[in-house]
Amino acid sequence: MPFGTRPGLLPRVAVAAAAALALTACGGGDDADKADKGGEPGTAAGAFPVTVEHKYGSTTITAQPKKVVTLGLSDQDAVLALGVKPVGAVDWFKEQPYGKWPWAKDLWGSTPPQVVGERDEYNMEKIAALKPDLIIAQYSGMKKEQYDTLSKIAKVVAQPKGAEDYQATWQVMTKQIGKALGKDAESDKLVAGIDARFKAVRDKHPEWKGKTVTVGEPYEPGKFSAFSPKDPKVIFLSEMGFTTPEAYRTALGKENVADLSSERLDVMEADRTVWLGNAGTEAAMKADPLYQKTKVYQEKRDLFLPYDNPDIGAALSFNTVLSIPYAIDQVVPKLEAIK
């Protein structure tokens with residue numbers, strides 16, 4: 001029974017050791033202070049200094065950032081959308097998708113970033129070697145000790161204040177990034193454009209309002225993951241009018257993801273159940289005797305979305321100002337086909 005390698009599942013990783021590193025020659029604050037204050041296209045005149053609040057306090061950025069490193073799993077999309085190419089970024093579950101994802105390929109062009117870590121395990125030496133003047137970590141699980149170490153390299157804007165790790169909305173993360181880059185007006189425009197796309201879907205499908213949805217991912221025979229209502233994949237569907245059932249919310253609690261066995265497939269019962277995976281996932285799930293007993297299977301209200309070929313699952317997992325339009329175009333027709 002072939003299952004995917006769980007590229008959408010956020011790991012519970014341990015904090016990478018921030019051991020003694022040779023950072024003395026890489027102080028990012030001085031670079032930022034010396035940056036040309038003329039700004040880049042789209043940057044409001046006099047935008048700097050700006051102060052951005054985040055999980056670990058606040059960071060004041062005194063001049064237009066010239067070299068940006070993104071440490072959130074999908075942060076690079078909003079940075080790209082705002083006209084800045086990150087010089088460094090983290091690996092997306094060993095896939096290094098820079099130039100691969102269709103929604104970002106043209107913006108990366110022939111200059112992909114340096115990979116400076118995987119998920120929440122950052123290579124501090126590689127980051128320091130890039131001499132960034134701004135480090136962004138919105139869709140991340142950055143720990144305080146990592147933040148402290150990175151702050152010796154450059155200005156750091158950690159994950160949004162008041163949200164669990166990996167659970168801030170794409171709107172908040174986009175605006176945080178826009179503020180840090182001195183591009184508030186541009187980020188507001190991007191957010192408004194996506195909001196309008198979702199409104200158009202809701203207006204076209206008022207019957208989806210209040211319908212329940214669950215999102216999961218099988219990762220080995222008899223086991224699956226269910227994603228939090230605050231996970232990007234669920235948020236994407238929520239913005240089309242769907243909601244999540246109470247049993248599903250209870251099973252997740254405050255966790256971003258819950259690992260469950262097939263005996264708990266009752267948690268996934270909803271008006272629409274969405275499964276993410278790779279080649280063979282759908283056939284394997286439908287061959288599971290326990291899954292065959294679920295109402296969502298018997299009434300054909302389930303939907304299987306691949307992570308690649310096409311990259312629908314990845315687009316939902318990113319849930320950014322670049323990936324959302326692509327995901328809407330791919331997912332809406334599939335939802336419409338379920339009666």
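All figures in this text were calculated on a predicted structure; none of them were measured in a lab.
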| task | Would you check if the side chain of Thr273 reaches a backbone N or O of Met268 as a donor-acceptor pair within less than 3.5 Å? | result | yes
| Regarding Ser187 and Lys179, is there a side-chain donor-to-acceptor distance under 3.5 Å anywhere? | no
| message | Could you check whether Phe236 and Phe198 have their ring centres less than 6.0 Å apart? | response | yes
| field | Those residues that, when tested against Ala251, pass side-chain contact (heavy atoms from CB on, under 4.5 Å) (two or more places apart) | value | Val267
| Leu237 side, atom CG; Phe227 side, atom CZ - distance, nearest 0.5 Å | 12.0 Å
| request: Carefully, step by step, assess Trp275 and Leu303 under the rule side chain to side chain contact (heavy atoms under 4.5 Å, CB included). | output: CA-CA 6 Å; Trp275 295 105; Leu303 178 62; over 6 Å; no
| remark: Sequence neighbours excluded, the answer for side-chain contact (heavy atoms from CB on, under 4.5 Å) partners of Pro310 is Pro306, Ile312, Tyr326, Gln330
| field | Centroid separation Tyr219 to Phe224 less than 6.0 Å | value | no
| note | Here the salt bridge (Lys or Arg N to Asp or Glu O under 4.0 Å) pairs for residues 325-339, sequence neighbours left out, are Arg197-Asp329, Lys204-Glu336
| message | I need the Glu255 CD to Glu164 CD distance, nearest 0.5 Å. | response | 9.0 Å
| What residues, two or more places apart in sequence or in another chain, satisfy side-chain contact (heavy atoms from CB on, under 4.5 Å) together with Val191? | Trp170, Gln171, Thr174, Lys175, Asp195
| message | If the condition is side-chain hydrogen bond (donor to acceptor under 3.5 Å, both in side chains), which residues does Asp91 pass it with, not counting sequence neighbours? | response | none
| message | With a 3.5 Å distance limit and no angle check, can you tell me whether Ser323 reaches the backbone of Ala315 through a side-chain donor-acceptor pair? | response | yes
| field | Heavy-atom donor-acceptor pair, Asp311 side chain to Ala314 backbone, under 3.5 Å | value | no
| Donor-acceptor pair, Lys85 side chain versus Trp108 backbone, under 3.5 Å? | yes
| Do other residues, nucleotides or ligands put more than 12 heavy atoms under 6.0 Å from the NZ atom of Lys161? | no
| request: Apply side-chain hydrogen bond (donor to acceptor under 3.5 Å, both in side chains) to Asn319 and list each qualifying residue two or more places apart in sequence or on a separate chain. | output: none
| request: Assess whether side chain to side chain contact (heavy atoms under 4.5 Å, CB included) is satisfied between Ile61 and Thr59, documenting all intermediate values. | output: CA-CA 6 Å; Ile61 303 161; Thr59 297; 4.3 Å; yes
| query | Just checking, any donor-acceptor pair under 3.5 angstrom between side chains of Gln159 and Tyr166? | reply | no
| request: Take Tyr98 and Lys105 through the test side chain to side chain contact (heavy atoms under 4.5 Å, CB included) and record every step on the way to the result. | output: CA-CA 7 Å; Tyr98 313 111; Lys105 184 176 182 179; over 6 Å; no
| Are Val50 and Thr60 close enough, and set up right, to give a side chain to side chain contact (heavy atoms under 4.5 Å, CB included), and what steps lead you there? | CA-CA 6 Å; Val50 297; Thr60 298; over 6 Å; no
| message | Under the ring pair (Phe, Tyr, Trp, His ring centres under 6.0 Å) definition, can you give me all pairs with a residue in residues 51-84, not counting sequence neighbours? | response | His54-Tyr147, Tyr56-Tyr147
| field | For Thr294, all residues meeting side-chain hydrogen bond (donor to acceptor under 3.5 Å, both in side chains), sequence neighbours excluded | value | none
| Qualifying residues under side-chain contact (heavy atoms from CB on, under 4.5 Å), relative to Lys295, sequence neighbours excluded | Glu269, Glu299, Arg301
| said: Taking side-chain hydrogen bond (donor to acceptor under 3.5 Å, both in side chains) as the cut-off, I'd like each qualifying pair that reaches into residues 69-82, sequence neighbours left out, listed once. | reply: Asp77-Trp103, Asp77-Thr320
| task | Say whether Leu73 and Val172 are linked into one hydrophobic cluster, either directly or through other cluster members, by side-chain heavy-atom distances under 4.5 angstrom. | result | no
| note | Sequence neighbours excluded, the answer for side-chain hydrogen bond (donor to acceptor under 3.5 Å, both in side chains) partners of Asp302 is Tyr291
| message | Testing the basics here: between Gly72 and Ser140, what is the closest heavy-atom pair and its distance to 0.1 Å? | response | CA-CB, 4.0 Å
| query | Does the Gln298 side chain pair with the main chain of Gln292, one donor and one acceptor, at a distance under 3.5 Å? | reply | yes
| query | Can you tell me if CD on Glu246 sees more than 12 non-hydrogen neighbours from other groups inside 6.0 Å? | reply | no
| task | Using ring pair (Phe, Tyr, Trp, His ring centres under 6.0 Å) as the criterion, list what pairs up with Phe242, not counting sequence neighbours. | result | Trp208
| Residue pair Ser262, Lys223: steps toward the side chain to side chain donor-acceptor pair (under 3.5 Å) verdict | CA-CA 6 Å; Ser262 292; Lys223 294 184 179 180; over 6 Å; no
| message | If hydrophobic clusters are built by linking Ile, Leu, Val, Met, Phe, Trp and Tyr wherever their side-chain heavy atoms come under 4.5 Å apart, do Val87 and Ile153 end up in the same one? | response | yes
| request: Would you kindly say whether Ser228 and Asn256 are connected by a side-chain donor-acceptor distance under 3.5 Å? | output: no
